[in-house]
K.L.:
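Next up is a structure, given as structure tokens.
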Amino acid sequence: PAGRRRSRNPTRAPSFPTGPAPISRGSFPSKRGPAFPEHGHFDARRAEQARHWFLSELRAGLLARLDRPEVRTRLREMGDALDLMDENSRGLRRFST
């Protein structure tokens, strides 16, 4: 029927458990299960991180050296020399064909 309501809980007790969940053995993953192997998992992970950090610092150091004024000048000179070589080789190709 249209006006029918649910009967209320007279004791006002919740219909679900409010206390802590019962803890049984094996309900929480131990640090020795398949997710955390004892033999070298953390050591291998730490070694990967150290390798990554080292390579990123090495890259940053090398790129910083390329940004120094004397290195920029030398790179510009080398680029100009390559352009000159390219122009010379084009001229040789014209005469050789």
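Values in this document were obtained by computation on a predicted structure and should not be read as measured data.
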K.L.:
Taking atom CZ as the centre, does R46 end up with more than 12 heavy-atom neighbours from other residues, nucleotides or ligands that are less than 6.0 angstrom away?
P.N.:
no
K.L.:
With rounding to the nearest 0.5 Å, note down the distance linking CZ in R65 to CD in E70.
P.N.:
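Here the rounded value is 9.5 Å.
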K.L.:
Is any side-chain N of the basic residue among R45 and E48 closer than 4.0 Å to the acidic one's carboxylate O?
P.N.:
yes
K.L.:
Looking at CD of Q49 and CZ of F42, how far apart are the two atoms once the value is rounded to the nearest 0.5 Å?
P.N.:
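Separation between the atoms: 11.0 Å.
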K.L.:
With the side chain counted from C-beta on, respond yes when D67 and R72 share a heavy-atom pair under 4.5 Å apart, and no when they do not.
P.N.:
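Yes, their side chains come closer than 4.5 Å.
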K.L.:
As a test of understanding, state which of L75, D80, T73 forms a side chain to side chain contact (heavy atoms under 4.5 Å, CB included) with E77.
P.N.:
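Among L75, D80, T73, the one that satisfies the side chain to side chain contact (heavy atoms under 4.5 Å, CB included) with E77 is T73.
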K.L.:
Should V71 and L63 be counted in the same cluster of Ile, Leu, Val, Met, Phe, Trp and Tyr side chains packed under 4.5 Å apart?
P.N.:
yes
